[in-house]
Structure formats: structure tokens, C-alpha cells
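All remarks here apply to the structure that follows.
Here is how names work: the chains are called A, B, and so on, in the same order as the sequence lines, proteins then strands, and each is numbered from 1. Computed from a prediction, not measured in an experiment: that's the story for all the values here.
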There are 2 protein chains.
Amino acid sequence: MKTAKIESLLQKSNVRPTAMRILVYNFLLENEAAKSLTDLENYFDKSDRTTLYRTIKTFEEKGVVHQIDDGTGTTKYALCEQGCNCQIETDLHLHFYCNICDETVCLTDRKIPHINLPDGYTAEDANLVIKGRCEKCPE
Amino acid sequence: MKTAKIESLLQKSNVRPTAMRILVYNFLLENEAAKSLTDLENYFDKSDRTTLYRTIKTFEEKGVVHQIDDGTGTTKYALCEQGCNCQIETDLHLHFYCNICDETVCLTDRKIPHINLPDGYTAEDANLVIKGRCEKCPE
DNA sequence: ATAGATAGTGCAACAGAAGTGCATTATTCA
DNA sequence: TGAATAATGCACTTCTGTTGCACTATCTAT
């Protein structure tokens, strides 16, 4: 994607499009799998960890990316789809973690099914991670 | 529960019932909510962190407790039910994390619904955490 | 009952991820 | 241009999880 295009996307989300932010956005865009802070750090070895940390936090606050807890203990991030509203319960999609290639992807078209909770419990958010073997890792 | 009872339960799981292990088991038994290593550490302040760590790891290996990743970033543990087979996909229950009291409980009778994955994906394990308000935290 | 083997415990230290404070640099805008 | 605001980079801290090693308790076979 062209830099100018990313710039305008960031601006739409009220994120000032600095060089670093455009690079990070592009990196996330080019990778189907969700990336961790450490992934970013390894890829952008010229840049400081803190900068990347705060970049991703800014993205998260502004709804550019969403956090993924895939159970590996390391938080990962993926771009939100256009018009995605990660916070709304009905829009929560599930994530798939591949035990073989250690990559996590969004299955944006698979929503988390509604669960009937016991009396007195109210749901506000949900997280569903399926672990197994992904399409890229045939048996 | 009587010490003798816990002793025999541990023995049935091939865990040698040391004093520490009986205490830890009892602690987990008396608390409905899942506990983290830090919780154990705070409660058993006379005991060493490593001992508690290895105790809980032994329990986990032998199927006495199961690990819970509730998205807080801290792994928690809860006793397995009798005959529970946490590893089998069909037996996976979901967990509930309360945003108010910061406690995580097993909803053992709510199983994770089956999800149809895209072609090429195979499920081996799953983790579902619902977050919200628990019965003990009325509005 | 005792000696040797095995298992459990406690201390110290380390690793990785996440987060904060502060000084420096870049950008905006009046 | 110059003051205000935002972004970046460095150093440091905290928290959780983990391992190595020495010491102690427990078990088992003689």
C-alpha cells in the first residue's frame, strides 16, 4: 500500500502519521499473522523498543489495531478491519493459534457464539482462541 | 476437608502428599476462584516461591489442577473436577473473569461450543474466557 | 534400623515482557 | 519565529515465570 494511503488512514483514526508509524502500519499490513512487540522489535532493529511499544499502544487506543491474547503469554496485535468495532460484544471474532508455525491469525468472519451465563453473571467482553493446525501447515 | 481425605486424593493422582501440597490443595479447595502463583505466595508467606511454583506444576502434570489463562496476563490454577479430562476437546469448559472483583471462576457446566473452522484448519484445543460482572458483584 | 537412592524444598539468580520517568528531538500552529 | 505539544530514545524498574544447585526429608531394600 502506498505511503500516502496509509497516511490518510492514520489521520482518519486521529493518529499523526509519523515515519515510524507508517512503517509499523505497513509491517502489520503485509503480515497476515498478528505480531508481538518483540516481533516489531526484531524487525525494526534500528528503532527503540519504547517507541514501538508506544506506537502500538497509540494504535490500540485509536482503534487502528486490536490486542490479541492467544495464550502464548505474549500479547499480539493485528490491524482492525475497516469499520471494525472490536469493543462491541457482537463484533468479537475469534483467533486461531497454530501449534506448528506459532502464528496467530484473526478469523474475522467467525464470531464468538453467544453463551448463556448462570444467573447473576453479565457478559461484557469475551476472548476465544482455537489452537491447532493452520492451513499453511499440512500434516 | 480432612487432611486424610486430601492425602488419599493426592495419592490417587500419583502425587506424594507432603505437608505443603496438602496445604496448597486445601487452599485451592476453599477458594472458589482460581488462584495465581502470586496468590499462593501471598497466602503462604512462610513458604518459598519456587516450592509453590513446583507444587502447582506437579499438580498440573498429574491432572490435579488445570491452568487458566484469563487474559489478565497472570496464569491461574483451579482444581480439576473428579473425572475431569481437561485435555479432551469435548470436555473444555469456559472461564469467567469478573472485571469488578478481579476473580476468575470455572463454569464447568458450560462447554466451549464447537466452531466450524475454514478449510485446512484443524482444532486441537480451545480457550474461551467471558469477561463481565459476576454474581457476587451486583450493580 | 540403616544406608543409599529418590523426591522435595529453599535460596539465588536469570530471562522475557511490560511499563515509567526524563531528557532530547521533531512537529504544529498561533 | 517561538512557544506548545507530540514523538522518540535511553535507562531503569517491576512482575511473572523459570532454572541451577545445595540441602533436607522421605522412601525402600537389605
What is the 5' to 3' range of DNA chain D, first to last nucleotide, that sits under 4.0 Å from any heavy atom of chain B?
dT16(D) to dC27(D)
Need the bend value for the helix from dA1(C)-dT30(D) to dA30(C)-dT1(D): angle between end axes, 5 pairs each end, nearest 10°.
20°
Approximate separation, where rounding is to 0.5 Å, of C101(B) SG and R133(B) CZ
10.0 Å
Transitively linked via ILVMFWY side-chain contacts under 4.5 Å: L28(A) with L10(A)?
yes
Going by distance alone, is a donor N or O of one side chain under 3.5 Å from an acceptor N or O of the other, for Y97(B) and D102(B)?
yes
Quick check on the hydrophobic clustering: are V64(A) and F27(A) connected, directly or via other members, by side-chain heavy-atom contacts under 4.5 Å?
yes
Please examine the side chains of F44(A) and T55(A), heavy atoms only from C-beta on, and report whether any two atoms are closer than 4.5 Å.
no
Could you tell me how far apart L52(A) (CG) and dG19(C) (P) are, to the nearest whole angstrom?
14 Å
For every nucleotide of nucleotides 8-15 of chain C, 5' to 3': is a protein heavy atom under 4.0 Å from its base (B), only from its sugar-phosphate (S), or from neither (-)?
SBBBB---
Length of the CD-P vector between Q67(A) and dA17(C), whole Å
15 Å
Flag side-chain contact, heavy atom, 4.5 Å: K136(B) against E103(B)
yes
Please check if Y77(B) and I68(B) belong to a single hydrophobic cluster, counting links between Ile, Leu, Val, Met, Phe, Trp and Tyr side chain heavy atoms closer than 4.5 Å.
no
Could you tell me whether T75(A) contacts a base, only the sugar-phosphate backbone, or nothing, with contacts defined as non-hydrogen atoms closer than 4.0 Å?
sugar-phosphate
Do you reckon Y25(B) sits in the same ILVMFWY cluster as L40(B), going by side-chain contacts under 4.5 Å, direct or chained?
yes
Could you see if L9(A) belongs to whatever hydrophobic cluster contains L29(A)? Use Ile, Leu, Val, Met, Phe, Trp, Tyr and a side-chain cutoff under 4.5 Å.
yes
Could you state the interatomic distance from NZ (K57(A)) to CZ (R54(A)), rounded to the nearest 0.5 Å?
12.0 Å
